[in-house]
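Along the sequence shown, residues carry numbers from 1.
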Amino acid sequence: QFEEIHGPEKMEEINKIKQESLLTVIRYFIYRRDYGSAEKLIVHVSDDSYKRYFNAMVLIGKKDYLKSLKLFEDLYQSIDKVKRNEQDQSFFELLALHIARLYFQQKDYIHAMNYYSKIPGDSDRFYDALYEVGLVMIKEKNYEDAKNIFSLIKMHHDHRQVVNTDDLRS
């Protein structure tokens, strides 16, 4: 009846809000390490990409890193690079970061570096990835490169602090 009264557009908007709320609750359960509750809700997620993403996150929580890595990589490969919009790009970068971290955790630094390198310099996640590249350099005993990377991150951080302080003075 609601759709008849308010139209399909309003119904679509309500369903979108329901899904966004569901995703927020799933994130909360994963954050709280309540993986059973998260799994019960994941089956109700309508977007297959998010369903697979959250299943992979639950697997990380359960320390099943290889299955999680497989799910993340399959999902990463399934995102169409041609049709990717801004939201998809952000999700794509998040997947790359998760995959890189899983490879890092497994001490497979070559594959980790491959996925870190997929995060562009203008991404919000770039400096997280760069920091973790520095950690790879330390693990590989390449201390000079690690030092240079951490110096670059510090310069970026210091610059942001100056810009933020200048904004407060305006």
Side-chain angles (χ1 to χ4, degrees), residues 12-81 83-142 145-146 149-150 152-154 156-157 160:
E12 186 176 318
E13 185 180 333
I14 288 171
N15 286 333
K16 183 178 178 185
I17 291 169
K18 282 180 177 178
Q19 281 296 304
E20 288 171 359
S21 299
L22 178 62
L23 297 178
T24 300
V25 172
I26 293 169
R27 282 186 196 96
Y28 171 78
F29 282 135
I30 291 172
Y31 173 77
R32 302 286 304 171
R33 294 184 173 106
D34 184 352
Y35 305 115
S37 295
E39 286 175 310
K40 288 176 187 173
L41 293 178
I42 290 170
V43 298
H44 301 289
V45 173
S46 60
D47 184 306
D48 184 59
S49 294
Y50 280 113
K51 189 178 286 189
R52 291 160 61 192
Y53 171 80
F54 285 121
N55 279 321
M57 293 300 293
V58 165
L59 288 168
I60 288 174
K62 292 180 170 184
K63 299 186 183 346
D64 195 342
Y65 302 117
L66 292 177
K67 280 186 184 174
S68 178
L69 180 59
K70 172 95 172 92
L71 265 178
F72 276 135
E73 283 191 311
D74 288 349
L75 181 54
Y76 184 89
Q77 297 301 326
S78 73
I79 296 175
D80 189 338
K81 293 177 185 173
K83 297 177 183 175
R84 197 180 312 149
N85 60 32
E86 191 174 313
Q87 182 180 355
D88 291 339
Q89 180 63 32
S90 178
F91 186 57
F92 191 70
E93 293 165 9
L94 179 63
L95 291 173
L97 198 53
H98 282 304
I99 293 167
R101 287 173 175 163
L102 285 164
Y103 275 122
F104 179 88
Q105 186 262 345
Q106 308 233 349
K107 297 179 173 67
D108 185 344
Y109 303 126
I110 292 171
H111 281 100
M113 292 293 285
N114 179 45
Y115 279 95
Y116 286 130
S117 71
K118 295 179 185 295
I119 299 170
D122 62 349
S123 169
D124 292 342
R125 294 182 174 87
F126 176 74
Y127 284 94
D128 292 332
L130 191 59
Y131 173 79
E132 293 173 26
V133 167
L135 296 178
V136 169
M137 294 296 112
I138 290 171
K139 293 289 188 180
E140 293 186 331
K141 299 185 184 340
N142 193 339
D145 283 347
I149 288 169
F150 294 135
L152 179 67
I153 293 168
K154 184 179 180 333
H156 170 74
H157 176 73
R160 286 187 50 188

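For the residue pair Glu93/Gln89, the side-chain donor-acceptor check at 3.5 Å is satisfied.
Residue Asp124 qualifies as open at atom CG: its count of foreign heavy atoms under 6.0 Å is 12 or below.
A heavy-atom distance below 4.5 Å is not found between the side chains of Lys107 and Lys139. Residues Leu135 and Phe150 form a side-chain contact, since some pair of their non-hydrogen atoms from C-beta on lies under 4.5 Å apart. Inter-residue side-chain proximity for Tyr35 and Arg33 is flagged as met; some heavy-atom pair is nearer than 4.5 Å. You'll find the side chain of Asn15 stays beyond 4.5 Å of the side chain of Glu12, heavy atoms only. Residues Ser78 and Leu75 meet the side-chain proximity criterion, which asks for heavy atoms closer than 4.5 Å. Considering only heavy atoms from C-beta on, Lys40 stays 4.5 Å or farther from Phe29 through its side chain. When side chains are defined from C-beta on, Ile99 does not count as touching Asn114, because their heavy atoms never get closer than 4.5 Å. Between Phe54 and Leu23, some side-chain heavy-atom pair lies under the 4.5 Å cut-off.
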Inset, instruction - For side chain to side chain contact (heavy atoms under 4.5 Å, CB included), just list the numbers for Leu22 and His44, CA-CA rounded to whole Å, side-chain angles, deciding distance to a tenth of an Å, and then say yes or no. - result: CA-CA 8 Å; Leu22 178 62; His44 301 289; 3.8 Å; yes

Inset, instruction - Go through the steps to decide whether Lys70 and Leu66 satisfy the test side chain to side chain contact (heavy atoms under 4.5 Å, CB included), and finish with yes or no. - result: CA-CA 6 Å; Lys70 172 95 172 92; Leu66 292 177; over 6 Å; no

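Summarising the geometry of Ala112 relative to Tyr103, their closest heavy-atom pair is N-CB, 3.6 Å, with the distance given to 0.1 Å. The minimum heavy-atom distance linking Ile138 with Ala146 is given by the pair CG1-CB, 3.7 Å. Closest heavy-atom contact between Lys51 and Val45: CE-O, 2.9 Å. The shortest heavy-atom contact between Ser46 and Gln19 is N-OE1, 2.9 Å. Closest approach of Met57 and Ile30 over heavy atoms only: CB-CD1, 3.9 Å. Of all the heavy atoms in Met113 and Val136, the pair that sits closest is SD-CG1, 3.7 Å.
Tyr50 OH to Arg27 CZ: the interatomic distance, rounded to the nearest 0.5 Å, is 6.5 Å. Here the straight-line distance linking atom CD of Gln77 with atom CG of Leu95 works out to 10.5 Å at 0.5 Å rounding. How far CD1 of Ile42 is from CD1 of Ile26: 5.5 Å, rounded to the nearest 0.5 Å. Taking OG of Ser123 as the start and CG of Asp128 as the end, the distance is 8.5 Å to the nearest 0.5 Å.
Partner His98 forms a ring pair (Phe, Tyr, Trp, His ring centres under 6.0 Å) with one of Tyr116, Tyr115, Tyr53, Phe104 and no other, that one being Tyr53.
Listed for the Ser68 side chain is no donor-acceptor partner under 3.5 Å among the backbone atoms of Tyr65.
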